[in-house]
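Structure first, then comments.
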Amino acid sequence: MSSERRKPYPFDRIEPKWQAIWDERQVFHAPNPEEEGFDAAKPKFYILDMFPYPSGTGLHVGHPEGYTATDIVARYKRLRGFNVLHPMGWDAFGLPAEQYAIRSGQHPAITTGENVARFKAQLKRIGFSYDWQREINTTDPRYYKWTQWIFLQIYNSWFNPDSRRAEPISTYRGGDPDGVRLAYVADVPVNWCPELGTVLANEEVVDGKSEVGGFPVVRRPMRQWMLRITAYAERLLEGLDELDWPEGIKLLQRNWIGRSEGAEIDFTIANLDDKIRVFTTRPDTLYGATYMVLAPEHSLVDLIVTEEQWPEVRDYRERAARKSELERTDVGKEKTGVFTGAYAINPANDERIPIWIADYVLAGYGTGAIMGVPAHDERDLEFARKFDLPVREVVQPSAGENPIGFVGEGTAINSPVIDGLPSAQAIRRITEWLEQRGAGKGAINYKLRDWLFSRQRYWGEPFPIVWEKGNHRALEEKELPIVPPPLDDYKPTGTGEPPLAKAKEWIRYSDAAMRETNTMPQWAGSCWYYLRFCDPHDDRRFVGEEAERYWMAGDHPGGVDVYVGGTEHAVLHLLYSRFWHKVLFDLGYVSKPEPFQRLVNQGVILGEDNQKMSKSRGNIVNPDDVIEQHGADAFRCYEMFMGPLEQMKPWSMRGVEGVARFLARVWRLLITENQAGSREISDKIKAVDPDKAQQKVLHATIKKVTEDIESFSFNTAISQMMIFVNAFTNAEMIPLLPMRAFLILLNPFAPHIASELWETLNTKFTDARGDITEQPWPSYDERLLVGQEVEIVIQINGKLRDRIKMSIVATEEEMKAAAIATPKIQKLVSGKNIGKVVVVPKKLVNIVVR
RNA sequence: GCCGAUGUGGCGAAAUGGUAGACGCAACGGACUUAAAAUCCGUUGGGCCAUAAAAGGCCCGUGCCGGUUCGAGUCCGGCCAUCGGCACCA
């Protein structure tokens with residue numbers, strides 16, 4: 001056996017050939033309006049992939065899954081006469097390049113450049129039809145100049161609650177504008193990761209550990225930049241309704257935003273001229289509040305604690321502060337807390353109730369204080385039982401259950417103001433009652449926190465901000481981009497001071513002003529890249545107005561028509577970019593309220609062993625190896641043939657071989673090798689009319705492939721093309737035109753082989769001109785899909801009993817009569833009563849017998 | 001605990017309420033070949049009956065239990081399992 005197995009068809013020659021042609025001729029460049037070659041008569045279609053972080057390990061088989069899907073749709077839409085925007089770029093700020101810099105001293109830009117070159121070569125090798133003239137890189141100063149510029153727009157705006165929009169800060173009439181800016185500095189407890197030497201956003205902390213690296217995260221108060229995403233909570237929620245996204249992702253965002261409706265209630269503190277405000281979704285249980293709990297960090301704790309209780313309170317607070325996020329939020333653990341010695345007055349019944357502190361109350365949610373209603377809240381009940389606090393039932397369940405521990409809706413009891421009312425009414429009534437007394441009001445709370453936007457990293461966008469006499473100030477637009485200084489040592493300081501602080505020269509902006517040394521998080525660049533793709537070379541604006549209006553147009557709120565990527569960004573990138581987009585929309589910089597209209601999530605690809613691919617399991621599939629062995633077209637088709645795009649599914653090398661065999665059959669259908677070993681067009685190919693059966697399978701294939709591409713069902717589109725090829729495999733004569741149409745259908749999936757075969761046919765037949773990329777998509781004729789006869793299924797009581805062939809024009813009566821008349825059916829129904837007979841035209845007859 | 005998704009052959013999977021398992025993989029048999037690879041043809045959910053051969057026939061079967069319907073993988077109700085998300089959010 002020869003060392004090199006013979007290729008079933010010469011993909012190793014034709015794939016590089018066509019990739020070079022596409023490159024040279026810039027076949028997939030989409031001109032902008034006003035640009036040469038732009039065709040204003042065509043509708044636009046913007047189809048986007050989530051651009052990758054170019055890691056050092058190169059592409060894995062998960063990347064090309066979504067990329068192949070979008071490439072099929074992009075190539076299809078071009079043939080359907082659309083101007084298609086299909087770009088690719090690099091989300092290249094990030095930790096691995098920085099960590100490599102720490103180890104090697106090599107500037108991260110060099111590592112990034114190498115990785116980008118490798119990723120790009122890999123993507124090109126798969127034959128994706130990206131418009132490479134639009135390639136962008138978030139670490140390019142010409143790109144992040146505009147990331148910094150957008151930050152300035154956010155910094156220079158505030159959210160006007162009356163108009164519910166962001167407006168320029170100059171329209172703010174209140175006192176201190178720094179208190180309302182959408183970008184602000186706050187001294188808040190943040191997620192500090194000592195191992196990474198940086199703070200992290202809530203979205204980046206998973207189970208008390210950093211999402212990147214899995215290192216422990218602790219709470220620590222620090223002075224940080226925040227973005228006021230909470231101002232947009234309601235609009236981010238409302239906007240979801242109009243988007244064509246998977247319901248699961250919408251739900252994840254809704255839960256993350258976490259809207260809950262209820263009331264804020266003020267409890268006066270006994271013997272003190274102050275109040276504690278709590279938030280509750282169940283104001284109707286106010287009479288059942290037998291104690292209060294403040295979060296250990298609550299600002300009133302110092303004020304109310306009695307001298308006697310002070311040592312215990314201080315001790316508890318210190319212990320709570322030292323706990324990691326993981327320890328603190330562990331649901332299973334037992335409740336803890338200490339009494340402050342102080343009492344509050346329940347505004348409903350003027351009862352004195354004790355005030356405790358406990359870490360099951362979170363400082364960051366609501367008001368950081370709760371009323372304890374042990375009878376109707378599981379956590380409060382657990383706490384009350386542990387510390388012997390009274391339990392008073394105030395809601396009666398409808399079906400004689402025990403009221404204690406009942407958390408659902410029922411009827412108010414032991415609550416003079418609302419007794420006898422169902423919970424929903426009781427909530428409204430008691431809220432009004434509290435409002436009248438000035439002791440409370442209806443309120444809405446969100447779980448969403450403001451976005452912690454600064455990082456103590458080197459490899460990120462520097463803030464366009466300087467500090468002067470303790471105040472921050474924006475730099476001017478003409479000073480952008482702010483480029484980070486080169487360093488000898490990229491190591492984090494460990495103190496929370498960013499590495500940029502080491503550049504003593506750089507941080508000195510002027511005699512009076514020092515530069516901000518934090519950098520932006522990795523999400524900043526990806527928040528708006530889809531906009532830059534519309535107009536990537538503009539150096540006067542972040543995106544040209546006309547280009548933005550053209551590519552983001554459409555009769556729906558979102559600008560990008562289709563966006564494909566994994567679910568891992570559900571509450572990170574997909575929420576952040578919606579937020580930025582809405583700010584830019586409010587300020588009049590973009591034309592649409594939402595960035596992405598239709599979202600499709602591809603499923604994770606598992607290893608052959610059905611396990612998640614990982615280095616340690618040794619089940620990683622390298623796309624380069626697959627392409628080397630079977631070619632890019634087989635790789636693309638297999639990625640799509642595996643199963644539904646959205647589904648999680650295991651890789652199978654055997655499966656790749658099967659798809660490669662299919663492509664080889666396509667090749668051999670049209671090409672034969674002569675004695676001398678050179679290839680020529682099969683003499684079975686004739687410019688003749690197809691017969692009825694061939695006509696039928698052709699039109700069925702056009703219909704199925706067209707509909708399946710539209711619905712992202714690529715696996716069944718490929719199945720149908722296999723059926724088509726099988727139908728012609730043993731034909732004596734192969735009519736030319738069905739083959740032409742078939743190649744166009746195959747082209748989005750396997751563009752290299754389709755291009756080559758198309759071109760080869762052109763050398764012999766003169767019926768078509770130009771490349772396959774210039775052909776119109778074939779159409780089908782519904783009438784040719786059915787023959788003269790159809791098979792009718794005959795059922796008795798719903799069970800298949802016989803089949804007959806009938807003309808497609810047979811009437812229901814004829815079908816019924818013919819069905820009952822077959823010998824087999826006669827035998828089965830003889831001596832029985834025939835009841836109803838159900839007839840489905842062209843399909844089946846069901847005879848009901850008793 | 002709450003929310004969501006998914007359960008169909010040996011495997012990946014198909015099936016507008018109307019022939020369950022298309023298409024592919026694997027397996028088995030055959031053709032071609034000195035031989036193998038490649039290729040082509042055929043068989044392939046389980047069980048049972050029948051037969052000289054060619055055929056043929058019956059029952060069961062889409063996680064489990066029930067319901068609606070002439071007819072349910074598909075619709076409804078209730079369970080179970082796996083995966084994913086959230087998780088002391090008052």
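Here is the naming used below: chain letters follow the sequence lines, and residue numbers restart at 1 for every chain.
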Quick note, salt bridge (charged side-chain N to carboxylate O under 4.0 Å, His left out) partners involving residues 565-576 of chain A, not counting sequence neighbours, are none
Say you pick atom C1' in B:G61 and the same atom in B:C2; how far apart are they, in whole Å? 36 Å
Exercise. Check whether NZ of the Lys or CZ of the Arg A:Lys335 lies under 6.0 Å from the centre of the six-membered ring of A:Phe383 and within 45 degrees of that ring's axis.
Key: no
So the salt bridge (charged side-chain N to carboxylate O under 4.0 Å, His left out) pairs with at least one residue in residues 698-710 of chain A (sequence neighbours excluded) are A:Lys703-A:Glu707, A:Lys703-A:Glu782, A:Lys704-A:Asp708
* Could you check whether A:Thr567 gets within reach of a base, just the sugar-phosphate, or nothing at all, counting any heavy atom under 4.0 Å? => nothing
Whole-Å distance, A:Phe714 CZ to B:C23 P, equals 22 Å
Output field dot_bracket for RNA chain B (Watson-Crick or G-U, both distances under 3.5 Å, | for other-strand pairs) contains (((((((..(((.....[....))).(((((.......))))).(((((......)))))..(((((..]....))))))))))))....
### Task
For ring pair (Phe, Tyr, Trp, His ring centres under 6.0 Å), just list the numbers for A:Phe387 and A:Trp356, CA-CA rounded to whole Å, side-chain angles, deciding distance to a tenth of an Å, and then say yes or no.
CA-CA 10 Å; A:Phe387 295 106; A:Trp356 289 62; 4.7 Å; yes
Pairs under 3.5 Å (N/O, protein and nucleotides 65-72 of chain B):
{"unit_1": "B:C70", "atom_1": "O2'", "unit_2": "A:Asn846", "atom_2": "ND2", "d": "3.4"}
{"unit_1": "B:C70", "atom_1": "O2", "unit_2": "A:Asn846", "atom_2": "ND2", "d": "2.3"}

Taking A:Arg277 first and then A:Asp266, would you say they form a salt bridge - that is, a charged N and a carboxylate O separated by under 4.0 Å? yes
Salt bridge or not between A:Lys386 and A:Glu334? Use side-chain N to carboxylate O under 4.0 Å. yes
Detail all sub-3.5 Å separations between protein N/O atoms and N/O atoms belonging to nucleotides 42-50 of chain B.
none

- Heavy-atom count around A:Lys612 NZ within 6.0 Å, excluding the residue itself: above 12? no
Base, sugar-phosphate or nothing for A:Ile723? Non-hydrogen atoms, less than 4.0 Å. sugar-phosphate
Separation of B:C86 atom C1' from A:Ile249 atom CD1, nearest Å, is 13 Å
Among the nucleotides B:C3, B:C88, B:A90, whichever has the atom closest to the side chain of A:Lys335 is B:C88
side-chain hydrogen bond (donor to acceptor under 3.5 Å, both in side chains) filter on A:Arg317, not counting sequence neighbours, yields A:Asp302
Taken to the nearest whole Å, CG/A:Leu844 to C1'/B:U16 is 14 Å
Exercise. For A:Asn730, answer base if it contacts any base atom (sugar-phosphate contacts may also be present), sugar-phosphate if it contacts only those atoms, and nothing otherwise; contact means non-hydrogen atoms under 4.0 Å.
Key: sugar-phosphate
Heavy-atom nearest nucleotide on RNA chain B taken for A:Val659 and for A:Asn255; more 5' hit belongs to A:Asn255
Between A:Ala344 and A:Phe267, the two heavy atoms sitting closest are CB-CB, 4.1 Å
note: A:Arg282, atom CZ; B:A90, atom C1'; distance rounded to Å ~ 11 Å
I'd like the P distance from B:A26 over to B:A38, given in whole Å.
10 Å
inquiry  = Taking the P atom in each of B:C28 and B:C3, what is the distance between them to the nearest angstrom?
reply    = 49 Å
From CE of A:Met653 across to P of B:A26 the rounded distance in Å is 13 Å
When rounded to whole Å, the CH2 to C1' distance for the pair A:Trp256 and B:G4 reads 16 Å
| For A:Arg254 and B:C86, is the shortest distance between a side-chain N/O and OP1 or OP2 below 4.0 Å? | no
>> Taking the C1' atom in each of B:U43 and B:U33, what is the distance between them to the nearest angstrom?
In response: 23 Å
Across all chains, not counting sequence neighbours, the side-chain hydrogen bond (donor to acceptor under 3.5 Å, both in side chains) partners of A:Glu261 are A:Arg259
For this session: Can you tell me, in whole Å, how much space there is between the C1' of B:A53 and that of B:C58?
Result: 22 Å
ask   = NA contact type, A:Gly366, heavy-atom cut-off 4.0 Å: base, sugar-phosphate, or nothing?
value = nothing
Side-chain atoms of A:Tyr360 come closest, of B:C41, B:C88, B:U39, to B:C88
Show which side-chain atoms of residues 840-848 of chain A pair as donor or acceptor with protein atoms under 3.5 Å away, not counting sequence neighbours.
{"unit_1": "A:Asn846", "atom_1": "OD1", "unit_2": "A:Asn797", "atom_2": "N", "d": "3.4"}
{"unit_1": "A:Asn846", "atom_1": "OD1", "unit_2": "A:Gly798", "atom_2": "N", "d": "2.9"}

Hits for side-chain contact (heavy atoms from CB on, under 4.5 Å) against A:Gln826, two or more places apart or cross-chain, chain-then-number order -> A:Ile820
Checking B:C88, B:C25, B:G18 against the side chain of A:Arg661 (C-beta onward), the nearest is B:C25
For residues 643-652 of chain A, the salt bridge (charged side-chain N to carboxylate O under 4.0 Å, His left out) pairs (sequence neighbours left out) are A:Glu65-A:Lys649
Notebook entry, point to check: What do the steps show when you test A:Tyr638 against A:Asp633 for side chain to side chain donor-acceptor pair (under 3.5 Å), and what is the final call?
Noted result: CA-CA 8 Å; A:Tyr638 178 67; A:Asp633 283 335; over 6 Å; no
Whole-Å distance, A:Met371 CE to B:C88 P, equals 20 Å
State whether A:Glu247 and A:Lys250 are salt-bridged, where the test is any N-O pair (Lys NZ or Arg NE/NH1/NH2 against Asp/Glu carboxylate O) under 4.0 Å.
-> yes
Out of B:G85, B:G4, B:C23, minimum distance to the side chain of A:Leu252 belongs to B:G85
Per atom distances to the A:Lys447 side chain, the nearest of B:A90, B:C86, B:C88 is B:C86
Practice item. Select base, sugar-phosphate, or nothing to describe what A:Val293 touches, counting heavy atoms under 4.0 Å on all strands. Key: nothing
| message | Check this for me: does any side-chain nitrogen of one of A:Lys805 and A:Glu789 sit under 4.0 Å from a carboxylate oxygen of the other? | response | no
Restricting both atoms to N or O, compile the protein contacts to nucleotides 10-13 of chain B shorter than 3.5 Å, with distance only.
{"unit_1": "B:G12", "atom_1": "O2'", "unit_2": "A:Met642", "atom_2": "O", "d": "2.5"}
{"unit_1": "B:A13", "atom_1": "OP1", "unit_2": "A:Gln647", "atom_2": "NE2", "d": "2.5"}

Restricting both atoms to N or O, compile the protein contacts to nucleotides 54-57 of chain B shorter than 3.5 Å, with distance only.
none

For A:Ala295 and A:Val361 the tightest heavy-atom approach is CB-O, 3.4 Å
Here the gap from A:Asn346 atom CG to A:Ile353 atom CD1, rounded to the nearest 0.5 Å, amounts to 5.0 Å
Expected label for B:G9 (glycosidic angle, syn inside 90° of 0, else anti) would be syn
Comparing nearest nucleotides in RNA chain B, the 5'-proximal residue of the pair A:Lys843, A:Phe279 is A:Lys843
Rounded to whole Å, CD of A:Gln602 lies from P of B:A5 at a distance of 20 Å
Among B:A90, B:C23, B:A14, the one nearest any side-chain atom of A:Thr716 is B:A14
_Is it the case that atom CD in A:Glu608 sees more than 12 heavy atoms from other parts of the structure closer than 6.0 Å?_
yes
